[in-house]
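To start, the structure itself, in structure tokens.
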Amino acid sequence: MMTLASTLEIGTHPATALLIGGLAAAVLRGRYASCALVLAPLFGLGYVANLEVGAASTLHLFGYEILGVVVDQQAKLFGYLFHIAALIAGVYSFHLRDPWQVSMSLLYAATAVGVAFAGDMLSLFLWWEGLAITSVFQIWGKRTKQAEEAGFRYLFFHVSSGLLLLAGILVRYHGEGPEALSLAPLTNALEAGDTGALLILLAIGIKAAFPGLHVWLKDGYAEATHTGPVWLCAFTTKCAVCMLARLFPGAEVLITIGGVMAIFPVFYAVIENDLRRVLCYGKINQIGFMVVGIGIGTDLAIDGAIAHAFSHVIYKGLLFMSMGAVLFRTGEIRGSHLGGLYKTMPWTTGFCIVGAVSMSFPLFCGFVSKSIIITEAARDGHLLIWMCLLFASAGVFHYAGIKIPFVAFFANDSGLRPKEAPINMLIAMGISSFLCIFLGCNPQWLYDLLPNGAAGYHPYDATHVITQIEILLFSALAFTLLNLWGKYPPELPSVNLDADWIYRKAGRGFLSFGEGFWNGLNKQAHTFFVEGITGGVCSFLKRGQVHVMQTLYQPFVKIGLIEENGSKGRDLLGKRSALGVHPVGWTALFCMLFFLGFLLLMFK
């Protein structure tokens with residue numbers, strides 16, 4: 001028996017407004033569909049604001065009780081974040097007239113909200129799979145061969161993530177029973193070597209873009225529509241951060257993973273020509289900070305990771321919006337083909353600079369969240385990681401904070417004179433810019449939303465402010481001097497591969513092996529069974545009566561049915577058998593034999 005909900009304390013699911021908006025956008029057209037992009041997040045945001053912490057709802061489905069919604073402070077903060085991100089992205093995408101993109105964008109945001117409020121593993125799995133299915137349309141919406149192929153590669157990783165999550169749930173359920181379906185922390189189980197916990201961590205790690213599992217991010221985002229990365233950067237990886245904070249707080253392996261994530265993108269981003277790929281490397285770098293915070297595991301570090309996820313969506317979305325506007329107006333996103341756009345796109349240039357400085361500068365949102373993680377790394381004794389994070393802060397500002405606006409809007413004049421971005425894009429970038437500054441100047445507003453209230457942390461102490469400014473200024477100085485000396489890697493029309501090379505070589509090797517092995521095996525089987533056995537049987541059946549009669553020639557001669565005539569008589573009997581011509585006596589004899597056999601079978 002299935003009922004909608006056995007206990008329903010919250011009225012309806014927090015994702016309902018976005019779900020309804022997505023379904024409405026699928027049938028509406030023109031501006032009516034675009035209005036759903038704005039109205040659905042607004043209604044959903046108001047609903048989340050009225051949710052009571054501690055409320056929950058359950059669903060009985062096919063004999064299983066699914067804890068569909070649990071409202072805690074972390075879920076509520078991510079609920080705010082995802083609705084705000086959907087609202088900004090909706091305003092930015094207001095000019096779209098593709099019903100698939102508009103509808104799937106809202107459904108994508110709805111699945112992210114579902115993940116944030118999931119109460120157990122079953123509901124998490126359902127929303128987790130929804131993330132993969134709905135998000136890929138941000139890539140396929142571009143309708144190019146490259147986008148189609150990138151979309152399938154994207155799906156491969158995210159469907160694999162879902163399968164790993166399901167496998168981890170089943171392994172733990174087999175070992176622990178129904179208790180394994182709760183979203184209780186799995187840190188102890190992971191460190192004890194639990195296979196199910198490891199599978200779940202790998203599933204989340206794919207969506208969090210762990211090193212080696214990150215290639216879907218830069219591959220998919222770079223081939224998406226001009227609005228696609230604005231949606232993509234807000235939800236998938238932040239759902240992974242949300243689940244890491246819920247399931248693996250204090251897992252020490254995350255400190256190492258996060259440190260590597262923060263460091264390695266720096267080197268690839270410097271030589272990357274595609275500016276959206278540069279932002280993707282910056283995104284991986286910043287997620288690394290969040291993963292480190294979760295791995296440290298103190299209340300303040302967890303708060304720092306969650307706060308930085310909130311800030312990151314705002315300022316990274318702003319940078320993706322500015323690059324999306326450039327792509328929309330020029331049709332170009334390669335740094336080697338851009339430059340001088342500030343002359344005709346001054347507003348977009350200004351908003352891009354706000355997003356760039358928001359990553360690390362005081363009075364901007366990234367500073368008040370990232371500083372928590374850096375401080376906790378030092379306070380908790382992880383000095384090497386602390387130094388790596390300082391280097392990563394300088395590195396990401398170097399390539400995402402300086403390189404992006406400099407190459408796109410200044411640098412060499414490309415001769416392009418596009419129009420300013422459409423008004424809806426400027427409004428969306430303006431909202432994000434306001435939030436970047438507001439959160440940087442009023443950090444307590446964000447801290448009050450955190451699960452532990454940031455434990456009385458104050459970001460604007462003299463030591464941290466001076467240290468951060470020194471690092472950023474030296475990063476800017478390095479960029480300036482390298483350019484003046486002609487040592488900075490030039491923007492070249494090229495495609496850079498990192499771990500892609502391994503996947504592509506291994507994939508082609510696997511296909512070559514499969515083609516050689518399985519096709520060879522198929523050929524041998526065809527030769528043996530089809531051409532050999534089956535061919536022989538068919539050949540026998542085609543002239544079977546001839547072979548039988550020629551075999552019986554000598555016995556027939558001995559009993560006097562046929563006169564001895566040597567090989568000529570044998571050949572003549574074969575020809576008569578092939579034509580179906582036999583003496584009348586033989587025919588009568590065979591009929592009698594068949595009749596007697598029939599009688600024996602009937603009366604046996």
Side-chain angles (χ1 to χ4, degrees), residues 22 25-26 29 33 37 89 92-93 95-109 111-112 128-163 206-207 209 212-237 272-281 283-284 320-321 323-334 337 493-512 514-515:
R29 293 295 181 268
L37 285 170
Y92 184 81
S93 308
H95 62 284
L96 291 180
R97 295 296 178 265
D98 182 355
W100 274 106
Q101 284 190 66
V102 174
S103 175
M104 287 298 170
S105 295
L106 290 173
L107 295 178
Y108 177 31
T111 58
W128 199 258
E129 287 295 270
L131 278 174
I133 297 169
T134 54
S135 59
V136 73
F137 288 92
Q138 301 299 327
I139 303 170
W140 282 342
K142 196 174 182 180
R143 292 184 171 85
T144 64
K145 181 175 177 57
Q146 293 85 352
E148 179 184 349
E149 292 174 350
F152 280 114
R153 291 192 293 268
Y154 178 96
L155 267 185
F156 169 79
F157 277 95
H158 289 276
V159 171
S160 299
S161 173
L163 292 175
I206 291 176
K207 290 195 185 296
L213 305 175
H214 68 281
V215 295
W216 62 266
L217 194 152
K218 68 183 189 65
D219 183 30
Y221 286 31
E223 297 298 337
T225 64
H226 62 280
T227 61
V230 181
W231 293 90
L232 291 168
C233 79
F235 301 120
T236 299
T237 53
E272 180 58 60
N273 186 40
D274 187 309
L275 298 185
R276 292 203 294 185
R277 287 179 183 265
V278 174
L279 290 178
C280 289
Y281 281 118
K283 182 179 174 70
I284 297 169
F320 273 116
M321 283 190 281
M323 291 300 100
V326 169
L327 178 62
F328 180 70
R329 285 307 196 196
T330 67
E332 187 59 70
I333 200 62
R334 291 172 294 176
H337 291 64
S494 60
V495 176
N496 297 315
L497 301 178
D498 49 58
D500 298 51
W501 185 88
I502 299 174
Y503 284 105
R504 297 186 187 200
K505 290 294 184 181
R508 288 172 183 170
F510 177 77
L511 289 176
S512 298
E515 183 178 3

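Remark: Leu96 CG to Leu37 CG distance equals 7.5 Å, nearest 0.5 Å. In this structure, the separation between CG on Leu279 and CD on Glu272 is 10.5 Å, given to the nearest 0.5 Å. For the atom pair CD (Gln101) and CH2 (Trp231), the distance works out to 10.5 Å, reported to the nearest 0.5 Å. The line from OG1 of Thr237 to CD1 of Ile284 is 9.5 Å long, rounded to the nearest 0.5 Å.
For the pair Met323/Asp274, no side-chain contact is recorded, criterion being any heavy-atom separation below 4.5 Å from C-beta on. The closest side-chain heavy-atom distance from Leu327 to Glu332 is not below 4.5 Å. Side-chain contact check for Tyr108 versus Ile133: every heavy-atom pair is 4.5 Å or farther apart. Contact of the Phe157 side chain with the Val215 side chain is registered, since non-hydrogen atoms from C-beta on lie closer than 4.5 Å. Residues Thr227 and Met321 are not in side-chain contact: their nearest non-hydrogen atoms beyond the backbone lie 4.5 Å or more apart. Counting heavy atoms from C-beta outward, Phe235 and Ser135 have side chains that stay 4.5 Å or more apart. Between Phe152 and Ile139, every side-chain heavy-atom pair lies at or beyond the 4.5 Å cut-off.
Between Arg29 and Asp98 there is no salt bridge, since none of the side-chain N atoms of the basic residue sits less than 4.0 Å from a carboxylate O of the acidic one.
Panel note: side chain Lys283, backbone Cys233; a donor-acceptor pair is recorded below 3.5 Å. Although no hydrogens or angles enter the test, the distance criterion places a donor-acceptor pair under 3.5 Å between the side chain of Tyr221 and the main chain of Leu232. Checking side-chain atoms of Ser161 against main-chain N and O of Ile206 turns up no donor-acceptor pair under 3.5 Å. No donor-acceptor pair closer than 3.5 Å links the side chain of Arg276 to the backbone N or O of Arg334. When atom types are taken as modelled, the side chain of Thr144 and the backbone of Ala147 share a donor-acceptor pair closer than 3.5 angstrom.
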field: Pair Phe320-Cys280, side-chain contact (heavy atoms from CB on, under 4.5 Å): steps then yes or no
entry: CA-CA 9 Å; Phe320 273 116; Cys280 289; 4.2 Å; yes

task: Under the side-chain contact (heavy atoms from CB on, under 4.5 Å) rule, what do Tyr154 and Thr236 come out as? Steps first, then yes or no, please.
output: CA-CA 12 Å; Tyr154 178 96; Thr236 299; 3.8 Å; yes

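With 3.5 Å as the limit, one finds a donor-acceptor pair spanning the side chains of Ser105 and Gln138.
The shortest heavy-atom contact between Leu217 and Ala209 is CD1-CB, 3.9 Å. Of all heavy-atom pairs spanning Val102 and Ala25, the tightest one is CG1-CB, 3.6 Å. Among all heavy-atom pairs drawn from Ser103 and Ala26, the shortest one is OG-CB, 3.5 Å.
Each of Arg153, His214, Gln146 was scored for a side-chain hydrogen bond (donor to acceptor under 3.5 Å, both in side chains) with Asp219, with one residue passing: Arg153.
For the pair Lys207 and Trp216, the cation-pi criterion (under 6.0 Å, within 45° of the ring axis) is not fulfilled.
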